[in-house]
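Heads up: the structure comes next, in structure tokens.
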Amino acid sequence: MSIKVRYFASLKESIGRSEDELILTGPLTVYGVWQQANPDKDKPIQALAAVNMDYVDWNCPVSDGDEVAFFPPVTGG
Amino acid sequence: MSIKVRYFASLKESIGRSEDELILTGPLTVYGVWQQANPDKDKPIQALAAVNMDYVDWNCPVSDGDEVAFFPPVTGG
Amino acid sequence: MAVTICTNPFNPYEVLQAYEATYLHALRTIGATSLFIGTMRDFNEGDGVKGMTLEYYPGMTEKQLDKILLDAQNQWTLIDSLVVHRVGDIFPKEPIVLVAVWSSHRGDAFDACRFIMEALKSKAPFWKKELLLNEQERWVAKNSNGYQST
Amino acid sequence: MAVTICTNPFNPYEVLQAYEATYLHALRTIGATSLFIGTMRDFNEGDGVKGMTLEYYPGMTEKQLDKILLDAQNQWTLIDSLVVHRVGDIFPKEPIVLVAVWSSHRGDAFDACRFIMEALKSKAPFWKKELLLNEQERWVAKNSNGYQST
């Protein structure tokens with residue numbers, strides 16, 4: 001399946017990329033997507049995750065075509 | 001001593017006057033001022049009292065030259 | 001800190017821009033502005049209302065409002081605060097009251113703005129007499145707690 | 001209900017007057033308007049700040065803000081609500097966010113405005129990077145609770 005991965009703000013800077021296009025096989029969670037996209041990097045402790053622009057737990061399963069996003073705590077307003 | 005008494009809103013309408021000028025003798029409380037000015041009328045249950053534009057209890061003593069005001073609960077805003 | 005009683009309709013957004021233009025606009029420490037505008041509705045307690053007359057106690061009203069703003073300044077960390085209140089004849093859709101609080105932080109601004117509004121409702125000497133659709137007049141007996149259906 | 005993300009400076013009072021002019025100005029049921037304006041300060045966490053860049057997640061930011069406004073409409077009795085938020089390069093004194101809530105009653109307006117602002121602070125995907133007086137850049141790690149010295 002094909003997953004689009006996006007990174008924002010300080011997480012984007014520390015990873016050095018704003019997005020990945022992953023081609024994956026088998027059932028996978030958000031955490032699995034992180035591991036596939038960043039095999040050499042632990043999940044940042046405070047990082048948040050979203051699937052298709054809704055907040056999700058890191059153990060949420062992903063589906064073909066999903067957009068998965070990782071970012072630090074939000075600081076708007 | 002000379003006391004100016006003022007009435008506002010529904011209390012002014014029910015009394016039929018907006019103010020009284022009283023010449024009184026001896027120590028007197030706000031409640032005493034009401035009784036002197038309105039001998040035939042009980043103190044309205046919810047009425048508030050002010051002396052020199054500050055809220056006071058009805059047992060507050062008054063002094064020569066004071067402005068005493070009586071009015072119903074406030075309804076601004 | 002400023003308190004204004006006005007007898008004519010006012011546009012709260014114009015009042016705010018004019019007030020900020022005097023010196024607040026130049027400050028770089030303002031992080032939060034909390035505002036409340038009370039407007040005349042055409043209904044109250046289940047009845048249609050055509051208009052109202054707002055009576056006040058000149059002198060005492062300003063004195064009590066000044067005390068409320070000072071109370072707020074003492075309880076929270078504020079930069080400035082403002083109250084504008086109409087008196088006289090008022091019609092539906094017209095603003096009755098504007099409360100504005102400027103602060104560096106939103107918590108202080110929110111808390112103080114609400115405090116000022118609730119204190120005004122319970123302590124500032126204003127009295128509303130409503131003119132109902134059936135031409136009857138009635139004094140508003142007391143202010144509500146500010147929520148629907150209560 | 002409306003959510004606007006804007007890349008250029010905005011005047012909140014002009015935005016409000018324009019928004020109200022579309023239909024709210026004609027309503028006779030509005031009794032309470034609660035507003036909050038967040039403005040850029042020239043200091044944060046003890047350091048001087050020259051400017052900031054606000055990043056967001058196009059699509060998700062609007063989606064989350066829409067949900068917050070819907071949440072507020074479900075919890076309180078509101079007539080309308082509005083959020084305007086800046087993104088991009090921002091300088092001290094410029095408005096960052098405007099929250100507006102129109103209701104018949106002040107309790108509903110106050111509660112909902114504050115709820116929307118706090119929910120925005122904790123859930124809407126925006127990220128601030130500050131440019132300090134010493135030319136260093138720093139990402140704001142997390143939002144404060146909104147009070148002085150905390």
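Each chain gets a letter, A, B and so on, in the order the sequences are listed, and its residues count up from 1.
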Grab the two heavy atoms, one from Ala69(A) and one from Tyr57(D), that are nearest each other, plus how far apart they are.
CB-CE1, 3.4 Å

Minimal non-hydrogen separation, Pro73(A) against Ala141(D), with atom names:
CB-O, 3.9 Å

Stepwise side-chain contact (heavy atoms from CB on, under 4.5 Å) check, Gln64(D) with Asp54(A)
CA-CA 8 Å; Gln64(D) 296 301 317; Asp54(A) 278 315; 3.3 Å; yes

Neighbour count above 12 (heavy atom, 6.0 Å) for [X] [atom1]:
X: Gln75(D); atom1: CD; answer: yes
X: Lys142(D); atom1: NZ; answer: no
X: Asp42(A); atom1: CG; answer: no

Please classify the contact of [X] with chain A as side chain, backbone, both or neither, using a heavy-atom distance under 4.5 Å.
X: Thr53(D); answer: neither
X: Lys121(D); answer: both
X: Lys63(D); answer: side chain

For the side chain of Tyr55(A) and the backbone of Lys123(D), is there at least one donor-acceptor N/O pair under 3.5 Å apart?
yes

What is the distance from atom CD of Glu55(D) to atom OG of Ser10(A), rounded to the nearest 0.5 Å?
9.0 Å

Heavy atoms, side chains only, cut-off 4.5 Å: are [X] and [Y] in contact?
X: Pro72(A); Y: Trp127(D); result: yes
X: Thr75(A); Y: Phe126(D); result: no
X: Arg6(A); Y: Met60(D); result: no

Set of ring pair (Phe, Tyr, Trp, His ring centres under 6.0 Å) partners for Tyr7(A), sequence neighbours left out:
none

Please list, chain by chain and in numerical order, all residues satisfying side chain to side chain donor-acceptor pair (under 3.5 Å) with Tyr56(D), sequence neighbours excluded.
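Residues passing side chain to side chain donor-acceptor pair (under 3.5 Å) with Tyr56(D): none at all.
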
